Amino acid sequence: MRITCPYCGNRSLDEFLYHGDAEPQRPDATADNAMDAFVSYAFERTNPPGQHHELWYHEAGCHAWLVVTRHVSTHAISSVDIARDLAKARTPNTAGRA
Amino acid sequence: MGNSSYRSKTGGLIDRSQTIHFWFDGVRYPAHPGDTLASALLANGVRLAGRSFKYHRPRGILAAGSEEPNALVELRTGARREPNTKATVVEVFDGLEAFSQNRWPSLKFDVMSINSLLAPIFTAGFYYKTFMWPAALWEKLYEPAIRRAAGLGRASDDPDPDRYEKLTAFCDVLVIGGGPAGLMAAVTAARSGARVILADENFNLGGRAIDDASVIDDQPAAQWVCAIEAELDQHSDVRVMRRTSVFGTFDGGTYGALERVSDHLPSPPSGIPRQRMWRIVAKQTVLASGATERPIVFGNNDRTGVMLAGAVRTYINRYGVLPGRRAVVFVNNDYAASTARDLVRAGAAVVAIVDSRPGSTDAVRAVARDVGCPLLDGAVVIDALGSQRLKGAVVRNAAGSTETLSCDLIAMSGGWNPNIQLTTHLGGKPQWSEQLSTFTSGVLPPGMSVAGAASGEFSLKGAIVGGAKVGQVALTQCGYQPVDCAIPSAISESAAMSPLWRVDGGRGKAFVDQQNDVTTLDIELAEREGFRAVEHLKRYTTLGMATDQGRTSNVNALAIMAELTQKSIPQTGMTMARPPYTPVAIGAFAGHHRDKHFKPTRLPPSYAWAKSHGAVFVETGLWLRPSYFPRPGERDWLESVTREVKTVRNSVGICDVSTLGKIDVQGPDAAAFLDKIYMNAMASLAIGRCRYGCMLREDGILLDDGTVARLGQHHYFVTTTTANAGKVFQHLEFCRQWIWPHFDVQIISATEQWAQYAVAGPHSRALLRKIVDQPFDISDQEFPYMQVGEMTVCGGVQARLFRLSFSGERAYEISVPARYGEAFMAALLEAGEEFDACPYGTEALGVMRIEKGHISGAEINGTTTPTDVGLGAMMSRKKDFIGNVLGQRAGLLDPDRPTLVGFQPVDRGQRLRAGAHFLARGVKEIAENDDGYMTSVAYSPTLGHWIGLGLLKRGPQRIGEIVRAFDPLRGYDTLVEVVSPVFIDAKGERVRG
Amino acid sequence: MVENILQARSAFPEFSLSRYHQLTIAVREHITMVSLAAWDGQSEKVQSVIQSIYGHSLPQRPVRVGGMEVSFLWFGPDRWMAVGERDGGRDLEENLKRHLHGLAAVVDHSDGRAVLRLSGARARDVLAKGLPLDLHPRVFKANDVAITHASHIGVLLWQVDDAPTYDIAVPRSYAHSFSDWLLDAAEVFSAI
Amino acid sequence: MAREHFSIFSIMREAWRGHSGWTPTWRDAAPKPEYDVVIIGGGGHGLATAYYLARTFGITNVAVVEKGWIGGGNVGRNTTIVRSNYLLPGNIPFYELSMKLWEGLEQDINYNAMVSQRGVLNLYHSDSQRDAYVRRGNAMRLHGVDAELLDQAAVRRMVPFLNFDNARFPIHGGLLQRRGGTVRHDAVAWGYARAASLRGVDIIQNCEVTGFRRDSDRVIGVETSRGFIGAKQIGMAVAGNTSRVAAMAGLRLPIESHVLQAFVSESIKPFIDGVVTFGAGHFYISQSDKGGLVFGGDIDGYNSYAQRGNFPVVEDVCEGGMALMPRIGRIRLLRQWGGIMDMSMDGSPIIDRTPVAGLYLNAGWCYGGFKATPASGMCFAHLMARDEPHAVATAYRLNRFRTGHAIDEKGMGPQPNLH
Ligand SMILES: Cc1cc2nc3c(=O)[nH]c(=O)nc-3n(C[C@H](O)[C@H](O)[C@H](O)COP(=O)(O)OP(=O)(O)OC[C@H]3O[C@@H](n4cnc5c(N)ncnc54)[C@H](O)[C@@H]3O)c2cc1C
Ligand SMILES: NC(=O)c1ccc[n+]([C@@H]2O[C@H](COP(=O)([O-])OP(=O)(O)OC[C@H]3O[C@@H](n4cnc5c(N)ncnc54)[C@H](O)[C@@H]3O)[C@@H](O)[C@H]2O)c1
Ligand SMILES: Cc1cc2nc3c(=O)[nH]c(=O)nc-3n(C[C@H](O)[C@H](O)[C@H](O)COP(=O)(O)O)c2cc1C
Ligand SMILES: [Zn+2]
């Protein structure tokens with residue numbers, strides 16, 4: 001398998017580390033249902049047989065975390081995005097400084 | 001020495017000007033360069049090459065390529081012994097030694113051939129039905145007997161002495177196979193300027209065009225091939241790889257290929273590997289791997305002298321060898337009938353052409369007429385006669401009567417199977433072609449196309465045209481402009497065929513898988529017993545599981561099964577092909593990474609100094625760290641370690657702690673970020689101060705611990721444990737980039753930049769004062785416990801000083817740029833001479849941390865919570881951090897969980913051992929009473945006895961209790977007293993002041 | 001600067017220069033490396049600072065800009081490695097720190113990495129034995145940069161010229177293992 | 001239908017008459033409209049469950065539905081290692097029950113699955129690894145399981161050809177379980193199938209479950225590629241396909257599917273007796289009774305439903321092999337394949353009810369479920385027959401992640417590719 005890092009280009013699988021499903025988002029720890037939400041976040045997976053958005057780390061390369069969209073039955077990769085960019089777009093900037 | 005008896009006068013690509021010699025089973029034979037072991041054996045009239053797996057039947061040579069199931073030999077001797085090597089792919093060199101295998105005492109007379117008599121019992125799956133009674137005999141008697149009979153050749157007894165290399169290559173177009181189709185594809189792509197790799201497993205290019213002595217562009221194929229090769233060599237972006245088998249298709253256009261660099265030499269020349277493992281990354285791939293001929297299954301079809309027709313032609317045309325003098329040519333197709341021409345041209349007699357097709361064809365009739373032999377149409381060979389040497393063929397003619405033809409060779413052909421294994425490695429299913437009566441490729445791996453015989457295009461002309469066409473498509477896909485090129489002319493031969501899988505009516509066993517001795521009867525039995533799915537058939541009978549992976553048997557077998565179950569062949573299906581296409585030496589996959597080079601070795605900055613000072617090293621992860629520094633006269637490690645600990649406790653010692661992970665955390669949000677990472681507060685840390693911190697996994701379990709130093713408003717410097725350095729860095733990047741992307745913070749690894757030394761002991765400050773440059777003040781007032789500062793040492797070397805203590809003594813960690821690490825170690829010890837300072841290693845480090853009750857890898861073992869190790873109070877309640885929520889789950893708060901405490905033997909003279917389990921006194925030694933386990937132990941020189949840390953159920957409430965440290969594995973049972981985990985200086989006074 | 005009493009040690013004490021047929025491998029002892037990591041939203045300011053001091057615009061993709069004296073390698077998103085040729089090199093770090101204060105993390109790496117230089121027609125052949133990268137001249141050119149691994153060791157590599165010449169930086173603690181592998185891979189060229 | 005008792009005598013009798021009297025090992029049944037219990041998945045676990053339902057609990061109106069051919073999943077593609085050398089109290093009794101069932105299996109099912117107790121040796125290379133093994137060995141002993149600690153000399157005597165003298169990670173010793181070993185994988189599926197079939201269980205091949213039919217909260221049957229099959233109780237034992245099948249019932253589970261590769265070499269004269277695992281590399285090896293070296297290593301490490309692996313892991317495994325046994329360099333790899341494993345969040349299995357009434361779950365076997373086959377079948381059968389967990393499987397609850405009772409042998413946390 002080869003992954004095209006948006007920064008480094010097309011590289012072999014062994015430069016990357018896998019983390020898993022990119023769908024679960026870390027919940028709000030202060031919410032009322034925080035425990036339920038965290039259990040689901042940390043332990044439950046859709047694990048579909050088709051398209052899968054997943055987190056990879058370009059460990060032997062640029063150290064970027066990537067969100068790879070891959071068909072897990074064919075291993076065909078349809079897109080690779082920069083995790084931080086997606087994450088920024090996903091969450092309003094509340095976590096950082098006021 | 002002249003030609004051997006079966007060597008034809010002319011022909012072949014061998015170098016007749018040179019005669020070399022090889023040994024087979026101790027006998028010396030002549031050969032020519034360019035021979036394979038198989039061709040050389042045949043040239044010398046040697047037919048018997050091996051014994052089969054189960055029945056030990058005498059076997060000869062069936063094929064001429066990598067599909068050979070029978071002629072397996074042990075090659076070479078000693079450490080280079082190489083079992084199960086196909087004689088058909090071994091290139092002979094002078095002095096080559098080969099041995100037959102799986103026979104005793106000799107190839108000709110093999111005791112185990114009585115298995116053949118027991119064949120009625122040794123049917124498929126016989127052992128599933130027996131050897132069950134009495135149960136105890138299985139391991140004692142039955143299985144040892146089975147294992148004695150198992151296996152073919154013998155592995156070498158010694159480490160493989162040869163070198164292997166692994167390489168990566170990139171290309172636009174990878175062409176697999178250098179027959180006419182592959183050559184045309186490669187040359188077409190090359191002319192357009194594409195980067196091309198052409199790989200062929202053979203040592204000569206040309207494929208079947210050479211085997212068949214075809215004519216291309218009005219010249220002998222060999223000449224045409226030479227011209228193409230010469231042209232390919234002209235292109236700087238073309239790499240022609242001979243002796244290279246492409247063995248696997250992997251995701252992302254990646255192919256595995258094995259180049260046999262030196263296997264044709266007595267031993268690899270210096271610096272040259274035996275084999276190279278290539279990872280080829282191709283944009284486009286042309287599979288031009290040709291086809292494999294199908295045998296026909298008939299009685300005793302495994303006799304030596306029964307050979308594939310294509311192989312017969314190969315031996316004649318490529319090697320100038322006659323595989324027999326009187327041949328019966330048994331075919332179901334036109335192409336193979338030409339074998340008769342080659343045989344006659346080479347001086348053999350063709351007794352008859354037996355064509356299973358009623359009426360045969362014009363093409364075959366023409367051959368028979370040309371060679372002047374009888375053509376028996378609608379006839380089949382039902383039995384081969386002779387035991388170790390073929391004597392005749394029993395032929396049943398169209399009318400049903402039989403006759404025996406005397407012969408020493410049966411050249412048979414049941415048609416051809418395209419070599420499509422590489423198209424299926426990614427899951428593509430072969431498709432049945434009614435027209436060709438064989439499987440062709442189905443859904444192809446991305447970027448692959450198929451040409452020539454591999455695509456079911458069996459004619460030479462078709463291969464040439466197809467190769468050029470597919471090459472053109474591939475180069476266009478890669479963005480190159482095709483260049484017009486002429487298509488060489490070739491005569492289109494007929495490939496007409498009508499399927500024939502097996503012939504019944506023979507008296508002898510009819511073998512389908514020759515190596516694994518699977519017969520038609522076994523297939524029938526499997527069918528009867530319900531193993532009808534092809535994959536069941538395979539597993540039950542072991543058909544197709546031998547070293548040839550059923551190249552010559554799978555299709556026949558499933559066709560027979562289809563016949564038995566009255567299903568169509570596509571309904572019956574084809575077994576799954578897997579990499580490797582041909583077996584590959586395990587050493588080649590490992591390459592450089594064996595012995596000491598298995599994994600890289602990381603050397604700490606003081607390594608050379610430590611080595612020259614007699615350090616004993618220990619592997620910690622990839623690092624090699626000094627574990628202690630023995631001195632003359634010390635009897636064992638304990639004595640050295642004890643001395644080192646005492647030196648630290650009483651004076652001062654120095655330890656290389658550079659292996660700790662070091663991470664620079666900078667940015668406006670550095671403080672807020674670290675507050676999320678650590679379970680305790682980090683934002684409140686004052687500039688110039690350090691703090692111990694722990695981080696958790698999201699599930700509330702301890703991930704790592706270390707120190708955090710604040711160097712500036714926006715600048716922290718954190719350390720991790722040696723073991724977790726990489727993991728923590730990755731975790732921080734994860735949190736920074738994915739969980740909290742808005743944090744404005746950068747993290748940079750500084751592990752390698754700094755040589756860091758712990759300077760520990762009461763005299764540490766006095767020592768450091770001699771090292772630290774003026775005017776830096778390291779007095780207790782200016783530089784109290786947990787202070788950090790930047791300064792220079794030794795006359796201007798930049799340094800960082802941390803007042804931290806792992807040992808529990810007054811201590812510092814000081815770092816200098818790594819290049820000075822070695823000299824700095826020496827400088828520190830020189831400065832420490834007046835205090836009798838000594839270097840200490842990981843052992844003493846461990847002893848002192850246990851004396852202080854500090855946790856380490858044995859306690860942070862991936863299952864413990866902060867509360868388990870007595871750090872629950874450190875957890876902040878005021879902020880969110882990784883692990884905060886899930887750490888509150890009931891199971892993790894259970895007061896019954898084993899919790900960290902200290903232990904000392906009741907009899908102070910006794911030794912403690914980690915891994916012992918705790919039992920309350922007076923209870924039974926059963927799991928229900930298991931109260932926890934000892935995590936770390938040390939002999940404490942300070943206390944004069946052994947001490948331990950461990951996790952004990954409700955430990956802190958049991959201080960003072962006496963429990964058993966139970967170690968049945970090593971035979972110890974020690975009474976220990978539960979004590980505080982901090983054995984010395986509980987108040988922590990020594991680190992201050 | 002005060003003359004210090006500590007002797008610097010090479011990361012490659014075993015060799016300094018190995019000559020083979022069409023290949024030389026040399027140790028680059030006196031290289032200074034400083035990593036820059038721009039804080040959020042400061043990338044442009046960092047750019048203009050570097051532009052104004054060194055006259056180079058920091059690359060946004062894996063290439064190197066600059067000259068012999070100081071060059072900047074792309075080293076990840078919003079990260080660069082400043083490479084200086086001078087001995088000591090503290091002033092590079094200090095300069096950058098001073099000018100980029102509040103804009104970027106500036107961290108000295110001069111000791112963290114050990115650098116080798118491979119040059120000659122055989123350089124690509126040797127590197128192919130460990131580096132999973134396409135170094136074909138049409139694909140990877142002078143001033144191109146790659147972060148990857150070879151023989152299980154992380155490497156930062158940049159092409160210096162078309163000889164071709166490559167500089168390869170490995171973490172210092174791996175230097176010994178790296179040179180072990182490299183010399184082993186190059187051995188075949190010694191005889192030729 | 002096979003009625004004949006298998007023995008050397010039956011073989012000889014059949015040999016006499018040309019083996020014409022053998023009958024199918026199991027009945028290839030067509031689905032009936034309804035069963036008391038439908039087991040989804042004709043792997044080792046599904047077939048064993050059906051067998052024990054019939055034999056131990058007298059429930060014979062049972063169907064095993066298999067989408068392909070039985071034994072085609074992980075039971076037919078694993079490295080065949082069986083052992084009960086576990087560390088944690090949640091696991092040891094379960095795997096030890098499995099060992100005991102293996103030990104009596106052949107006589108029980110009258111099929112020789114070649115249970116071969118030639119020992120499992122886990123090597124250690126450091127004091128801390130040794131201590132961890134000692135802790136494990138002692139835990140085993142407290143549970144009445146056999147375990148021995150070997151020092152370097154003892155390992156050398158036992159496996160003299162390991163790399164003792166030129167190793168990157170020197171071998172210090174090993175933890176040995178003599179009762180561990182290997183079992184002929186395919187025979188386990190076939191033997192259970194035969195024994196279950198003999199007791200009336202329907203084994204239905206080429207029958208893929210495509211959905212569940214519900215009556216309010218309760219499942220009442222499965223939709224399949226061969227039509228609807230009604231069932232009072234349904235058990236899922238589909239290993240790598242767990243999430244896929246569970247999703248049809250609306251469940252989201254603590255499971256990821258990952259690919260693990262296995263490797264076999266050409267057949268050579270046996271020289272490796274038992275199983276050796278290399279603690280410093282990702283490598284374990286044994287030699288089959290046919291002579292092939294059967295070996296494996298780490299999982300490929302990413303979610304996958306494709307039964308094949310990738311190149312880097314092949315290299316990684318072979319590097320481990322060469323580092324441990326430098327004499328295997330010239331032995332050739334014959335075949336390499338992959339299987340899809342149901343990796344759980346703590347690396348331990350789940351045998352439990354699901355939130356859907358009537359639907360039961362057997363999953364989370366990771367790369368260690370072959371050895372569990374008999375106990376898994378027994379415990380799953382027990383759960384369905386008695387509607388309460390078997391005593392040795394009480395820890396394998398689905399809600400343990402919520403309650404904080406993970407059974408994490410490797411201490412890797414909810415990161416399935418690290419287990
Ligand atoms: C390479 C490899 C090596 C391994 N090595 C070992 C080892 O050495 N020791 C060990 O203990 N364990 C090992 N394992 C793990 C072990 O093989 C598995 O954990 C175990 O076999 C799983 O249980 P099973 O036999 O029931 O699974 P499977 O055999 O996979 O059975 C599940 C069945 O369910 C069927 N199925 C799936 N979906 C449906 C559907 N919708 N409808 C109908 N049927 C369906 C599948 O076709 C399959 O036949 C290994 C696994 C692999 C892949
Ligand atoms: N008329 C017929 O019925 C008939 C049938 C079969 C073959 N043929 C003849 O076969 C030839 C077809 O030409 P072609 O080029 O398609 O096939 P080919 O058989 O001539 O060449 C295939 C080449 O691929 C190589 N090869 C195969 N698998 C490989 C692998 N995995 N890695 C590396 N090398 C590999 C082989 O060593 C061989 O040299 C023609 O000469 C044709 O006449 C004819
Ligand atoms: C223990 C074991 C031994 C095996 N031995 C062989 C063998 O000798 N020859 C062979 O071709 N395959 C062997 N295989 C592999 C199977 O052929 C097959 O690849 C595997 O069961 C997976 O199936 P698949 O490749 O059809 O998907 C073996 C498999 C196992 C589990
Ligand atoms: Zn990258």
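Values below: all heavy atoms of this structure, side chains included; hydrogens, waters and symmetry mates excluded. Below, read A as the first sequence line, B as the second, and so on, with proteins coming before strands; counting in each chain starts at 1. Quick caveat, the model's predicted, so the values are computed rather than measured.
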Centroid-centroid distance, D/Phe278 to B/Phe598, less than 6.0 Å: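 Yes; B/Phe598 has its ring centre under 6.0 Å from that of D/Phe278.
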
Between D/Trp69 and B/Phe531, ring centroids under 6.0 Å: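 No.
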
Structural part of [X] lying under 4.5 Å from a heavy atom of chain B:
X: D/Gln415; result: neither
X: D/Pro414; result: both
X: D/Asn138; result: both
X: D/Ala306; result: neither
X: D/Arg130; result: side chain
X: D/Gln307; result: both
X: D/Ile92; result: neither
X: D/Leu333; result: both
X: D/Leu176; result: neither

At what distance, to the nearest 0.5 angstrom, does [atom1] of [X] lie from [atom2] of [Y]?
X: B/Arg528; Y: D/His19; atom1: CZ; atom2: NE2; answer: 9.0 Å
X: D/Ser267; Y: B/Asn102; atom1: OG; atom2: CG; answer: 8.0 Å
X: B/Phe589; Y: D/Glu319; atom1: CZ; atom2: CD; answer: 11.5 Å
X: B/Thr254; Y: D/Asn310; atom1: OG1; atom2: CG; answer: 7.5 Å
X: D/Arg135; Y: B/Leu969; atom1: CZ; atom2: CG; answer: 13.5 Å
X: B/Arg970; Y: D/Glu148; atom1: CZ; atom2: CD; answer: 14.5 Å

Classify the side-chain pair [X]/[Y] by whether it contains a donor and acceptor separated by less than 3.5 Å.
X: B/Tyr127; Y: D/Arg184; result: no
X: B/Lys129; Y: D/Asn110; result: no
X: B/Glu143; Y: D/Ser116; result: yes
X: B/Thr547; Y: D/Arg332; result: no
X: D/Gln336; Y: B/Arg578; result: no

Which region of [X], side chain (C-beta onward) or backbone (N, CA, C, O), has a non-hydrogen atom less than 4.5 Å from a non-hydrogen atom of chain D, or is it both or neither?
X: B/Arg697; answer: side chain
X: B/Tyr164; answer: side chain
X: B/Thr601; answer: both
X: B/Ala533; answer: side chain
X: B/Ile860; answer: neither
X: B/Ala526; answer: neither
X: B/Leu886; answer: neither
X: B/Met277; answer: side chain
X: B/His592; answer: neither
X: B/Arg80; answer: both
X: B/Arg81; answer: backbone
X: B/Phe131; answer: both

Under a 4.0 Å threshold between the charged nitrogen and the carboxylate oxygen, would [Y] count as salt-bridged to [X]?
X: B/Asp251; Y: D/Arg308; result: yes
X: D/Arg327; Y: B/Asp157; result: yes
X: D/Arg330; Y: B/Asp158; result: no

Heavy-atom check, side chain of B/His593 versus side chain of D/Cys318, under 4.5 Å: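 No, their side chains stay 4.5 Å or more apart.
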
Donor-acceptor pair, [X] side chain versus [Y] backbone, under 3.5 Å?
X: B/Glu139; Y: D/Arg118; answer: no
X: B/Arg889; Y: D/Phe401; answer: yes
X: D/Thr25; Y: B/Glu529; answer: yes
X: D/Lys269; Y: B/Gly153; answer: no
X: B/Asn84; Y: D/Ile268; answer: no

Heavy atoms only, distances under 4.5 angstrom: which of [options] has the most pairs with chain B? Name it, please.
options: D/Trp22, D/Tyr133, D/Phe9, D/Phe271; answer: D/Trp22
options: D/Val317, D/Val115, D/Asn206, D/Leu324; answer: D/Val115
options: D/Met114, D/His143, D/His405; answer: D/Met114
options: D/Ala406, D/Gly413, D/Gly291, D/Gly329; answer: D/Gly329
options: D/Gln107, D/Lys410, D/Met140; answer: D/Gln107
options: D/Gln287, D/His125, D/Met325; answer: D/Gln287

Mutual orientation of the aromatic rings belonging to D/Trp190 and B/His536 [parallel < 30°, tilted 30-60°, perpendicular > 60°]: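 Answer is perpendicular, since the angle exceeds 60°.
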
Closest approach of B/Ile121 to D/Met12 (non-hydrogen atoms, all atoms of both residues):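 The answer is CD1-CG, 3.8 Å.
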
For D/Pro270 against B/Ala150, the heavy-atom pair lying closest together: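 So the two residues come closest at CD-O, 3.7 Å.
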
Stepwise side-chain contact (heavy atoms from CB on, under 4.5 Å) check, D/Glu266 with B/Leu152: CA-CA 8 Å; D/Glu266 294 182 344; B/Leu152 291 163; over 6 Å; no

Evaluation steps, side-chain contact (heavy atoms from CB on, under 4.5 Å), between B/Lys599 and D/Phe169: CA-CA 9 Å; B/Lys599 290 278 149 78; D/Phe169 299 104; 4.0 Å; yes

Worked check of side-chain contact (heavy atoms from CB on, under 4.5 Å) between B/Glu843 and D/Asp127: CA-CA 11 Å; B/Glu843 284 295 334; D/Asp127 291 355; 4.1 Å; yes

Geometric cation-pi criterion D/Lys290 and B/Phe53, 6.0 Å radius, 45° cone: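 Yes - D/Lys290 lies over the ring of B/Phe53, closer than 6.0 Å to its centre and within 45° of its axis.
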
Heavy-atom pairs under 4.5 Å with chain D, option from B/Asn861, B/Thr130, B/Val584 with the top count: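 Top count of heavy-atom pairs under 4.5 Å with chain D: B/Val584.
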
